[in-house]
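Heads up: the structure comes next, in structure tokens.
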Number of protein chains: 2
Amino acid sequence: MTTEAEIYKALGDPIRLEIVKRLSSKRSCAIGELCQDLGISRQGARKQLQILVNANIASLNSVGRETKVALDIKSLQQAQRFISQLEKVWENRLLALKDFVEVVR
Amino acid sequence: MTTEAEIYKALGDPIRLEIVKRLSSKRSCAIGELCQDLGISRQGARKQLQILVNANIASLNSVGRETKVALDIKSLQQAQRFISQLEKVWENRLLALKDFVEVVR
DNA sequence: CAAACATGCAACCAAATGGTTGCATGTTTA
DNA sequence: TAAACATGCAACCATTTGGTTGCATGTTTG
């Protein structure tokens, strides 16, 4: 399992977020290509990628001398559920406040 | 401004996430109460709270000798938008795959 | 087969993080 | 007013993080 905090932590770095964005527009991609032009070394980027894999946000699949990377949507859905719950709570409060204001005036 | 990565980073710690959960069920709360029973010292928890404040996830308001904490929904909405975009991309892919499978068989 | 390619693994390092303690300061309350 | 309360600030520490480099290994390709 992956905890909510682990998922957010994995997304909480500009380079890792960039990797996720690239993956989201590429479906599947070799590590080498994915890790190019991120401003850090290949091995540095590879370590960041591994963090996404550990958080179940990306998954790896070895094909010949390449390793393909793909996005794993389950964790992201889990993260979104949490945030939208918070939003719902907030929305209810705003509605409650609006009611209150209308009663008072 | 707060970058996406900063928001996720702020949510990416179990104690900070617990603080956010408490805030979401309490509307507004004094620092002291909010930081109780988190398993770390008051000052430790206060530092974690400050990280949420810096990420514009929580806001502070001083009243007498207390400081009230409240949730700030804007950043959370921003975070959610990003995740739901990713989900949308994924959903489209699944649909495309389904079409493909149906054509082939 | 040799060279080029795609990648992995490990050691290393500076900086950031997550926590602590001690003490100072303003605010209620008995 | 003195004690209790709510909080802030700063120094300090161990661990994690984010990055590097060097080298090893399996895979294509000319």
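Since the structure is predicted, the reported quantities are computational estimates derived from the model, not experimental observations.
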Let's go through B:L71 and B:L23 carefully: what are the C-alpha distance in whole Å and the side-chain angles of both, what is the deciding distance for side-chain contact (heavy atoms from CB on, under 4.5 Å) to 0.1 Å, and is it a yes or a no?
CA-CA 6 Å; B:L71 216 51; B:L23 279 176; 3.8 Å; yes

Nearest-Å distance for atom pair CD1/C1', residues B:I40 and D:dA14:
16 Å

Can you measure from SG (A:C29) to CD (A:E66) and round to the nearest 0.5 angstrom?
9.0 Å

Once you round it to whole Å, what is the distance between C1' of C:dG8 and CG of A:L60?
12 Å

Once salt bridge (Lys or Arg N to Asp or Glu O under 4.0 Å) is applied, what residue pairs with a partner in residues 46-65 of chain A remain, sequence neighbours excluded?
none

List in chain and number order the residues that pass side chain to side chain contact (heavy atoms under 4.5 Å, CB included) with B:L17, two or more places apart in sequence or in another chain; answer none if no residue qualifies.
A:E4, A:A5, A:Y8, A:F82, B:L11

With sequence neighbours left out, the residues meeting side chain to side chain donor-acceptor pair (under 3.5 Å) with A:Q48 are A:R16

Separation of C:dA16 P from B:D13 CG (nearest whole Å):
18 Å

Between A:K9 and A:K68, whichever has its closest DNA chain C nucleotide further toward 5' is A:K68

Given atom CZ of B:R16 and atom P of C:dG19, what is their separation to the nearest angstrom?
8 Å

Using a 4.0 Å heavy-atom cut-off, write out nucleotides 25-30 of chain D from 5' to 3' as B (base contacted by protein), S (sugar-phosphate only) or - (no contact).
--BS--

Sort out the partner of C:dC23 for me: Watson-Crick or G-U wobble, both distances under 3.5 Å, none otherwise.
D:dG8

Without placing hydrogens or testing angles, list every side-chain donor-acceptor pair under 3.5 Å for residues 32-40 of chain A, not counting sequence neighbours.
unit_1, atom_1, unit_2, atom_2, d
A:E33, OE2, A:K26, NZ, 2.6

Using only heavy-atom distances, determine whether the side chains of A:N56 and A:T2 contain a donor-acceptor pair under 3.5 Å.
yes

What residues 41-52 of chain A contributes to the DNA chain D interface at heavy-atom separation below 4.0 Å is A:S41, A:Q43, A:G44, A:K47, A:Q48, A:I51

Got a donor-acceptor contact below 3.5 angstrom from the A:E6 side chain to the A:T3 backbone?
yes

